[in-house]
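Take a look at the structure below.
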Amino acid sequence: MTNPPGTSEKPNYKSTLCLLSKGEAEAIFPQRANLVKREPETLAFWEDNKIYERLREKNQDSPRFILHDGPPYANGRIHIGTVLNKVLKDITIRSKALAGFDVPYNPGWDCHGLPIEHKVMQEVRAKKEDIGTFELRGRCRDYALHFIDVMEQDFKRLGVLGHWDKPYRTLDPAFEGHELQLFATLVEKGMVYRNLKPVYWCPGYETALAEAEVEYMDHTSPSIYVKFPSIDVEGVVGQDCGDPSKPLSVLIWTTTPWTLPANLAITFHPDFEYVVMETDTDRMVMARELAAQVAEAAGIENYTLHDAPRGAEFEDKKCKHPFIDRESLLILGDHVTLEAGSGCVHTAPGHGHEDYLVGLKYGLEIYSPVDGKGRFTAQFPEFEGQEVEAANPGIIRLLNDSGLLLAEKKITHSYPHDWREKKPIIFRATPQWFISLERANLRDQLLAAVDQVEWIPKWGKDRISAMLDNRVEWCISRQRAWGVPIPAIHLKDSEESILDPEFIREFANLVSETGVDVWFETIEGIENDRTARLKALVEKTLEAKGVSGEWKLDKDTLDVWFDSGSSHHAVLNESYGLSYPADLYLEGSDQHRGWFQSSLTNAVAIGAGAPFKAVLTHGFVVDEEGRKLSKTLGNYIEANEAVQEYGADILRIWVASEDFRGDMSVSKEILKQRMEAYRRFRNTFRFLLTSLSDFKPEDTVEEKDLLEIDRYFHGKWINLEGNLRNAYEKYEFHRVYHLANVFCTVDLSARYLDILKDRLYTFERSGLARRSAQTVLVEILKGMVQSLSPLMAFTCEEAWQSLRRLGLVEEESVVLSKWAAPTESPDGSLIEKWDWLFDLREGVNAAIEPERKAGKIKQSLQASIDLFLKKEEDFDRARSTMDLPPGSDLASVLIVSEVNVFHGDAEGGTVEAEKTPGVSVRVIPAQGEKCVRCWRMVENLGARPNHPDICDRCLEAVGD
RNA sequence: GGGCCUGUAGCUCAGCCGGUUAGAGCGCACGCCUGAUAAGCGUGAGGUCGUUGGUUCGAUUCCAACCAGGCCCA
């Protein structure tokens, strides 16, 4: 190369370098991600080429890994929490595929239940329409199907692989059929029973209300203190409790006098201190802390308080009901508070939730002498037919007449109202269906099953065990329209509902065939083929039982947790090409109460054992301060907006980067940081790809011939890959992210690649040194792209396609690739030596810095380094590295022009290297002239007259 | 109020069975380069390890209480 005629500038030899133009580099792998545009293209590539289906086919003979999808509720677009969950599942699927498993994944949807019914009802009411259950269900179905569609698109956009063409949905006839078959088995085994339970009840509509249909509003009620005369409380309070001639009673407080007829007990707190308040006429038991309040409310001025035992001592004593010939049992409960009342709580198990629970514990009757219209029944004859609210004054009068009313006031407080009519509602015991944890040893079986499962993290086991320990029963019936019916037959002249296993099984078959709507059609008197079949089934069943007469079908539906809790039965079978049990359930930690428990209960109850071998839970998405996300707090991140703004890969990286066992923070700031990390990964891929543009598999250099530094970085990669696989194996995805990030940033970008630039650009194109580097770079790049593909699914596919165009990989998609058998672990002493050299390099860089600040040196290539090494072994290592072939020699590693090493103490002008004790560094400006081609300072430039400005090494590369 | 969980630099994470000046990457500041360039390199400043007690010769690491937050119940 010579100067072009007429110029006086030195030639720059740039065209002799192995450098790509910007355009060439862009063609290989664009620098800018443009994820929002490019990701859909990658998606189309996967879909058009049926990559997931081919993955299944390719691995069909491999061991299976079944991740059973917990069905999200189909009532809206995805949110950041759903993103978290689905991405974790996809990372799992993709990493298991890399590990060689066959990974079937059928996404599911939970379709029934109140939120949808609610939403549809609102629309119906807004239009003032009048529709029946059947019509309502049709609209609910449309609603669910619409959102399944929307969510499917959202999930796919995140890059989630799976059988989107064969999802499972709890509204599918096949699903409902399986669910009812499972239910039949439970009935057969005698696990299902009927009992009373108080629910919110709207007397106006004569219907049960869900909690979401209840609004709390101010309401004025009577506030009364009532004396329950002692039967045997005397024995507990002892002799020194005032004048024994005064009657002793237990004092209760209530704002619903009408529930007194249903009183069966009085609840004490086991740990509170109680007293006997002695007045001029009475002795009354109450909590010490509330005594003054009671006295004030009752206008009592003269009284004495006598110590009584703590609450626990009162257990099992009895009082007389104030106006019914019945006993009231004294019992204990932690729900008693000191906020108001007397500390002795009027307990009517048929009219309150906590009363119910404590009643169950003590085996009390769930008693409720109130009918569906909110009127007293014949069980309370004095007031039969009266509406309960209207009966309050009468009951108060009754108390007053018997002298058991201590005080009466009015109180305005928050009280449940019907959300439609805004009328006060009541709590009333109604017949419900239950699965008992007590029967057939179910609880013990559940706990034993829990023991067989791997809970990740481990505390999941404690959490679910504690819940099972405390759970008495599972109420599986709901008075709703949008659900799977409980197939019970009701005889007109009977209180009973019949659950017949045979009938349920045949009904289930009918459902699998024609859908569950037939039940509701029959209730509404619609006549068609299927309702005729159902009616015939009912008749046949009744006949077989020897019963006759008019019948009706019950209107109750199954709890939606029963739906999703049946998914193992409906999905993990041949119809989906799956098998039982699943290897993994992966959901948020709230599902210990929800899906994990309902699935486990249903599975164990039918004798199938736990439906999962392992259960993995993740935390919830919160903001940077650890607070929950909310639109009103302004910390809300809209999932689809984030995908549009940053791209799915950024969200995927975010999911991977945080430890999901705790809560996961998200904010714009955090996503921006993930974007920075993404850029680093992307630029590294790009640098590697462009450095390999002239490399062919046949250029591969054998391991033994690799330059030493190349062997070192190859070894570092092998170690890292092992660690990455291990992290995936343990579901520690955040370790994958952090390990890869550090490797990319430190080992590659700051060290290896920076050092390699000289070799890749200036050395002879097909010489051993350059090919040696490329050999290792291919390995690292392929491995990185593969191992990071579960995280950055889109970008890694993009990089894989670039590798394919360069002829460096075979498989059509990174999804179809597999991890190779683990490579032999690298030479430990080599690693140790070079780790030390890189520590030394930090000392050298630190020593150069002041020179740079002083303006004596700009690029490190302008420096010459003297190293003083005290230890002989250190000296030997440095010395031998100095003499390694170009590219692997110490000067190349330090990116300086010259290195001299000395054995012994430091001389003047040196800096101690911090990380390598016993080594001192002196930095001096390198002598000689700058080679215009490789930019090193060299003393013997111009060995050949026609190339006066380049060094010997460059001469070789340039040839002539 | 109860069960389970979380709390290390601005952010995301490491810190094994308690033991020398608590680490990393990002971000930030300053500087270099212009042959990864809407890139790359170097150096540096940031932490009373949620708080308070206790155990110990010694605690971020063990125990207790408390505070803040999360999930599930109530």
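Proteins get letters first, then strands, A, B, ... in listed order; numbering begins at 1 in each. The figures here come from the full heavy-atom set of this structure, side chains too, leaving out hydrogens, waters and symmetry mates.
At the phosphate of A14(B), OP1 or OP2 sits under 4.0 Å from a side-chain N or O atom of His734(A). Listed pair Ser860(A) / G42(B) fails the phosphate criterion, with no side-chain N or O lying under 4.0 Å from OP1 or OP2. The side chain of Tyr737(A) places no N or O atom within less than 4.0 Å of a non-bridging phosphate oxygen (OP1 or OP2) of G25(B). At the phosphate of U37(B), neither OP1 nor OP2 sits under 4.0 Å from any side-chain N or O atom of Lys22(A). Here Arg852(A) does not reach the OP1 or OP2 of G31(B): none of its side-chain N or O atoms lies under 4.0 Å away. Considering only side-chain N and O atoms, His592(A) lies nowhere under 4.0 angstrom from the phosphate OP1 or OP2 of C71(B). In this structure, Lys757(A) does not reach the G35(B) phosphate: none of its side-chain N or O atoms is under 4.0 Å from OP1 or OP2. Applying the 4.0 Å criterion to OP1 and OP2 of U12(B), one finds that Ser665(A) has a side-chain N or O inside that range. Put simply, Arg32(A) has no side-chain N or O that comes within less than 4.0 Å of OP1 or OP2 on A36(B). At least one side-chain nitrogen or oxygen of Arg735(A) sits closer than 4.0 Å to the OP1 or OP2 atom of G15(B). Look at Arg686(A) and you'll find a side-chain N or O under 4.0 angstrom from OP1 or OP2 of U37(B). When the side-chain nitrogen and oxygen atoms of Gln31(A) are compared with OP1 and OP2 of A38(B), one or more of them lie within a distance under 4.0 Å.
The closest donor-acceptor contact from the side chain of Arg770(A) to the backbone of Arg765(A) lies under 3.5 Å. In terms of modelled atom types and a separation under 3.5 Å, the side chain of Trp455(A) and the main chain of Val450(A) share a donor-acceptor contact.
Between Trp595(A) and Tyr585(A), the gap from one ring centroid to the other is short of 6.0 Å. Remark: aromatic rings of His947(A) and Tyr13(A) are close, center separation under 6.0 Å. For an aromatic pair to be called close, the ring centres must be under 6.0 Å apart, and Phe660(A) with Tyr737(A) fails this.
Rounded to whole Å, atom P of G69(B) lies 21 Å from atom CE of Met664(A). Atoms NZ (Lys856(A)) and P (G42(B)) sit 22 Å apart, rounded to a whole Å. Per the geometry, CZ belonging to Arg627(A) stands 12 Å off P belonging to C71(B), to the nearest Å. Taking atom CD1 of residue Ile895(A) and atom C1' of nucleotide C32(B), one finds them 13 Å apart after rounding to whole Å. Regarding Arg463(A), its CZ atom lies at a distance of 14 Å from the P atom of G70(B), rounded to whole Å. Atom CG of Leu357(A) is separated from atom P of G1(B) by 20 Å (rounded to the nearest Å). Here A36(B) presents its C1' atom at 7 Å from CG of Asn683(A), a figure rounded to the nearest Å.
G47(B) adopts an anti glycosidic conformation, its chi angle falling more than 90° from 0.
Residue contacts for Ala750(A): at a heavy-atom cut-off of 4.0 Å it reaches the sugar-phosphate backbone alone, with no base atom in range. Using a 4.0 Å heavy-atom distance criterion, Arg682(A) is classed as making no nucleic acid contact.
Comparing the same atom, P, in U8(B) and in U51(B) gives a spacing of 10 Å after rounding to whole Å. A distance of about 9 Å separates the P atoms of C49(B) and U61(B), rounded to the whole Å. One P atom belongs to U60(B), the other to U52(B), and the distance between them is 12 Å to the nearest Å. To the nearest whole angstrom, the two P atoms, one in A29(B) and one in A39(B), are 16 Å apart. To the nearest whole angstrom, the two P atoms, one in A59(B) and one in A22(B), are 14 Å apart. Across G54(B) and A68(B), the matching C1' atoms stand 22 Å from one another, rounded to whole Å. Comparing the C1' positions of G23(B) and A14(B) gives a spacing of 7 Å, expressed to the nearest Å. Going from the C1' atom of G27(B) to that of C13(B) covers 14 Å, rounded to whole Å.
Rounding to the nearest 0.5 Å gives a distance of 6.5 Å between CG of Asp623(A) and CG of Leu629(A).
A stacking contact between Phe687(A) and A39(B) is absent: the pair does not combine a ring-centre distance of less than 5.5 Å to the base's six-membered ring with planes differing by less than 30°.
The side chain of His738(A) approaches U12(B) more closely than any other nucleotide in the set C72(B), A36(B), U12(B). Closest to the Arg841(A) side chain, of the nucleotides C26(B), G42(B), A14(B), is G42(B).
A donor-acceptor contact under 3.5 Å links the side chain of Ser749(A) to the base of A36(B).
Salt bridge status for Lys672(A) with Glu676(A): absent, with no side-chain N to carboxylate O gap under 4.0 Å.
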